[in-house]
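Report on one structure; see the data block that follows.
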There are 2 protein chains.
Amino acid sequence: METSSEKKKIPHMTITRLAQYLNCLSLLPREHYKEISSKELAAKIGLKPTVIRQDFHHFGGFGQAGYRYKVPNLIDGLERILGLDQKQNVIIVGVGHLGQALANYRNFEKLGLRLVGLFDINPRLIGITIRDVRVRDIDEIPGVVERDNVAIGIITTPAEAAQSTANLLAHAGVKGIWNFSPVNVAGPAGVIIQNEHLSVGMMTLSYMLKQSHPPEAQG
Amino acid sequence: METSSEKKKIPHMTITRLAQYLNCLSLLPREHYKEISSKELAAKIGLKPTVIRQDFHHFGGFGQAGYRYKVPNLIDGLERILGLDQKQNVIIVGVGHLGQALANYRNFEKLGLRLVGLFDINPRLIGITIRDVRVRDIDEIPGVVERDNVAIGIITTPAEAAQSTANLLAHAGVKGIWNFSPVNVAGPAGVIIQNEHLSVGMMTLSYMLKQSHPPEAQG
DNA sequence: TATTTTATGTTATAGAATTAACAAGGAGGT
DNA sequence: ACCTCCTTGTTAATTCTATAACATAAAATA
């Protein structure tokens with residue numbers, strides 16, 4: 001039970017973990033896991049059970065003392081918190097390899113997303129169809145966003161075009177931008193921007209590799 | 001305990017940010033930015049200058065009081081810390097859309113990576129060439145890893161094949177695994193694993209959208 | 001040349017997150 | 001029915017992180 005007017009600050013790491021929990025739960029066979037304990041879930045992700053319980057506690061908890069968590073109940077609750085219960089229309093701008101990979105991403109439906117548009121500036125790409133969605137010119141973006149009530153724009157353009165694409169999307173009226181280009185893009189207040197940098201993950205892996213496998217036997 | 005080397009515990013968030021700094025620095029035009037201040041860099045990423053200085057301080061700092069940071073010097077230092085100065089051979093397992101997107105990723109060279117192998121189980125993919133690299137069957141992985149001294153294996157297989165691929169890679173002798181499949185994979189001690197979940201970024205964006213744009217007058 | 005400005009390195013404090021410890025409640029066996 | 005074992009919700013303590021404040025040092029300016 002949360003008081004309606006009160007907005008407790010949820011740690012950002014908690015949100016990230018909630019997403020991991022949901023991802024993990026949605027992938028396990030339904031028949032074998034009607035229920036799951038914080039201990040079991042923690043083991044699957046590599047965390048301690050207290051982390052999970054503390055995360056859930058921010059939202060009043062999802063179970064009852066003594067019981068284990070009901071998996072469907074847990075999934076529903078997490079989806080509701082993360083806003084995945086509401087279906088959203090999305091478009092992808094930039095139909096290069098990464099754009100095409102995302103367009104073919106099967107888990108989009110699980111995330112409550114419906115791909116309603118693909119856009120590029122390359123005339124050789126305009127007109128082709130991917131998963132029943134035709135590639136159109138980017139100047140059609142404003143119309144599509146308004147007509148189809150597009151909530152999220154995905155940027156998979158080269159770095160040079162990323163910021164202008166973000167501006168175009170924001171001006172067209174999207175509420176969120178998921179940016180896969182190498183550069184950080186900025187937007188007007190009110191537009192949520194998620195910058196996704198693949199290289200960051202690679203660099204952290206590289207760092208950890210260096211830590212565990214030092215290049216030279218150094219004492 | 002205290003060893004002569006600088007093996008203090010570096011916060012994980014610091015490493016993530018170092019990667020962002022390097023990514024940002026490497027993308028700005030060299031002629032305009034021979035030097036940069038913590039204030040300027042912070043503004044570009046959306047942080048406070050103190051965060052950057054504190055991060056650098058873990059490694060003794062990269063400048064001198066009064067001077068601004070020399071960009072090339074900064075880049076070199078960050079690359080050295082992150083282990084990007086040492087060139088590493090990598091292979092990609094799973095030549096679906098995402099695998100092909102990564103194989104065409106131009107920034108691989110910047111990360112010190114050299115793609116030396118592509119692998120799949122699909123006979124229709126085996127034999128094709130992407131960026132001068134031929135797709136081979138996965139049973140050739142052990143030989144290639146040993147012969148070409150492959151340090152990192154990238155998993156872009158479906159969820160079902162992810163863990164077995166990780167096992168195969170670990171047994172073949174890779175030191176690190178970069179996993180893009182939806183499931184977390186585990187590995188033996190000594191093998192560093194970086195699980196990259198695209199859905200997590202999407203879910204956090206969805207959450208933030210819900211916070212700023214409440215669905216309807218509900219509750 | 002003296003002074004102001006700006007910059008980083010360093011240290012100390014406030015704040016946040018993780019971890020541990022405890023309380024409450026149900027299931028299962030004897 | 002009683003006892004023991006588990007499990008979650010909650011609170012407290014510890015650890016870690018981010019922020020602010022300060023010291024140091026060079027460049028720009030008058």
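Chain letters run A, B, ... following the sequence lines, proteins first, then strands; residues in each count from 1.
Residue contacts shown for B:S38 are limited to sugar-phosphate atoms, with no base heavy atom under 4.0 Å away. As judged by a 4.0 angstrom heavy-atom cut-off over every strand, A:F62 is placed among residues touching the sugar-phosphate backbone only.
Other residues, nucleotides and ligands contribute over 12 non-hydrogen atoms within 6.0 Å of the CD1 atom of A:I45.
Contact check, A:K48 against C:dA20: a side-chain N or O comes under 4.0 Å of OP1 or OP2. At D:dT10, one or more side-chain N or O atoms of A:H57 fall inside 4.0 Å of OP1 or OP2 (strictly under the cut-off). Distances shorter than 4.0 Å separate some side-chain N or O of A:Y69 from OP1 or OP2 on D:dG9.
Rounded to whole Å, atom C1' of D:dG9 lies 14 Å from atom CG of A:D55. Rounded to whole Å, the distance from OH on A:Y67 to C1' on D:dC5 is 16 Å. The distance from atom CG of B:L41 to atom P of C:dT6 is 19 Å, rounded to the nearest whole Å. The distance from atom CZ of B:R53 to atom P of D:dC22 is 14 Å, rounded to the nearest whole Å. Atom-to-atom, CG of A:L47 to P of C:dA17 comes out at 15 Å; the value is rounded to the nearest Å.
Distances were taken from every side-chain heavy atom of A:S37 (C-beta onward) to each of C:dT18, D:dT7, D:dA25; the shortest belongs to D:dT7.
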Side chains of residues 65-72 of chain A: which donor-acceptor partners sit under 3.5 Å, not counting sequence neighbours?
from  : atom 1 : to    : atom 2 : distance (Å)
A:R68 : NH2    : A:E40 : OE1    : 2.4
A:R68 : NH2    : A:E40 : OE2    : 3.2

Side-chain donor-acceptor pairs under 3.5 Å in residues 190-203 of chain B, sequence neighbours left out?
from   : atom 1 : to     : atom 2 : distance (Å)
B:Q194 : OE1    : A:T204 : OG1    : 3.2
B:N195 : OD1    : B:N179 : ND2    : 2.8
B:N195 : OD1    : B:V185 : N      : 3.3
B:E196 : OE1    : B:W178 : NE1    : 2.8
B:H197 : ND1    : B:P182 : O      : 3.3
B:H197 : NE2    : B:N184 : OD1    : 2.3

Apply salt bridge (charged side-chain N to carboxylate O under 4.0 Å, His left out) to A:D85 and A:R80, showing your working. CA-CA 5 Å; A:D85 52 339; A:R80 204 177 56 252; 5.9 Å; no
